[in-house]
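Ligands are counted one by one from 1 in listed order, and the atoms in each one are counted from 1 as well. On a predicted model such as this, the values are computed, not experimentally measured, just so you know. If you read the sequence from its start, that first residue is 1, and numbering goes on from there.
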Amino acid sequence: MGRDLERVLISEDELQAKIKELAGKIDADYAGKDLLIVGVLKGAVMVMADLARALSVPLEMDWMAVSSYGAGTRSSGVVRVLKDLDTDIAGRHVLVVEDIIDSGLTLSWLVHNLKSRDPASVEVCAALRKPDANKVPIEVKYIGFDIPNEFVIGYGLDYAERYRNLPFIGTLAPHVYGGTE
Ligand code: IMP
Ligand code: MG
């Protein structure tokens with residue numbers, strides 16, 4: 001594993017500090033409101049778990065699974081719902097929690113889909129954002145880190161389903177995905 005990792009981009013401490021900072025803002029914004037946080041499987045598992053525990057406002061948690069990426073590093077542009085919400089979100093304040101926004105295709109589709117269900121509000125919290133995200137007109141209210149256009153792993157993010165369990169964000173060595181070393 002050590003050889004597959006190129007470098008640590010965001011350390012565990014930096015991630016945890018940022019999650020607490022975001023939780024403080026979310027607590028203030030949703031005080032007195034009925035909050036439902038929606039994690040997007042599988043990448044958002046870590047950020048959902050940490051964010052949920054850092055929040056003080058009463059909340060419920062639900063999950064959606066959508067597919068936009070295959071086993072490679074490029075977006076297919078096709079979004080499929082693999083698992084829908086268990087909750088009826090009509091009248092609810094929904095906060096979508098995402099691992100990363102790259103092209104923004106997944107998120108813009110998802111927000112559009114959720115808004116059609118008549119919720120009181122839909123906002124987005126993403127741990128990471130890549131530069132291409134500004135091409136898609138989605139408002140992301142809570143953002144952890146803006147990162148360079150590199151393929152990253154860890155803290156829920158995978159390459160071919162591996163490395164999700166790393167507690168930090170790292171970049172993948174080129175030999176892992178077929179580049180030259
Ligand atoms: P988008 O539709 O291009 O914004 O892609 C969003 C999804 O692609 C994310 O939720 C991730 O699951 C995946 N993804 C995008 N960039 C990366 C990356 O650098 N590493 C791992 N997964 C990524
Ligand atoms: Mg994702």
Of the options Asp99, Ile37, Val38, which is the one that meets Met48 in a side chain to side chain contact (heavy atoms under 4.5 Å, CB included)? Ile37
If the cut-off is 4.0 Å to any non-hydrogen atom of Glu150, which atoms of ligand 1 fall inside it? 19 (O)
Which ligand 1 atoms, with their elements, are less than 4.0 angstrom from a heavy-atom of Lys130? 16 (N), 17 (C), 18 (C), 19 (O)
Ile153, Ile147, Leu128, Ile100 screened by side chain to side chain contact (heavy atoms under 4.5 Å, CB included) with Ile169, the one that passes: Leu128
For atom 10 (O) of ligand 1, which candidate among Asp99, Thr171, Asn149 provides the closest heavy atom? Asp99
Between the candidates Leu110, Val40, Ile100, Thr106, which shows the shortest non-hydrogen contact distance to atom 23 (C) of ligand 1? Ile100
Got more than 12 heavy atoms from elsewhere within 6.0 Å of CD, Glu161? yes
Per atom 3 (O) of ligand 1, closest listed option by heavy atom (Ser108, Gly154, Ser103): Ser103
State which residue, out of Asp158, Asp4, Leu5, fulfils the side chain to side chain contact (heavy atoms under 4.5 Å, CB included) condition with Tyr163. Asp4
Can you name the atoms of ligand 1, numbered from 1 with element, that are less than 4.0 Å from a heavy atom of Asp158? 21 (C)
Of the backbone atoms (N, CA, C, O) and the side-chain heavy atoms from C-beta on, which set of Leu157 has a member under 4.0 Å from an atom of ligand 1: side chain, backbone, both, or neither? side chain
Does NZ or CZ of Lys25 fall inside the cone over Tyr142's six-membered ring, less than 6.0 Å from its centre and within 45° of the axis? no
Quick one: do Asp132 and Arg129 make a salt bridge, cutoff under 4.0 Å? no
Backbone or side chain, does any N or O of Gly104 fall under 3.5 Å from an N or O of ligand 1? yes
Lys42 near ligand 1 by a heavy-atom separation under 4.0 Å: no
Mind running side chain to side chain contact (heavy atoms under 4.5 Å, CB included) on Leu110 and Val79 for me, showing each step along the way? CA-CA 9 Å; Leu110 196 61; Val79 179; over 6 Å; no
Could you walk me through whether Arg7 and Glu150 pass the side chain to side chain contact (heavy atoms under 4.5 Å, CB included) check? CA-CA 11 Å; Arg7 67 179 201 282; Glu150 282 181 84; 2.9 Å; yes
Assess whether a salt bridge exists between Asp27 and Lys20, defined as any Lys/Arg side-chain N lying under 4.0 Å from an Asp/Glu carboxylate O. no
What atoms of ligand 1 come closer than 4.0 angstrom to any heavy atom of Glu98? 10 (O)
Hey, which atoms in ligand 1 end up nearer than 4.0 Å to a heavy atom of Leu105? 2 (O), 4 (O)
Any Leu107 heavy atom less than 4.0 Å to ligand 1: no
Between Val152 and ligand 1, is there a nitrogen or oxygen pair with a distance under 3.5 Å? yes
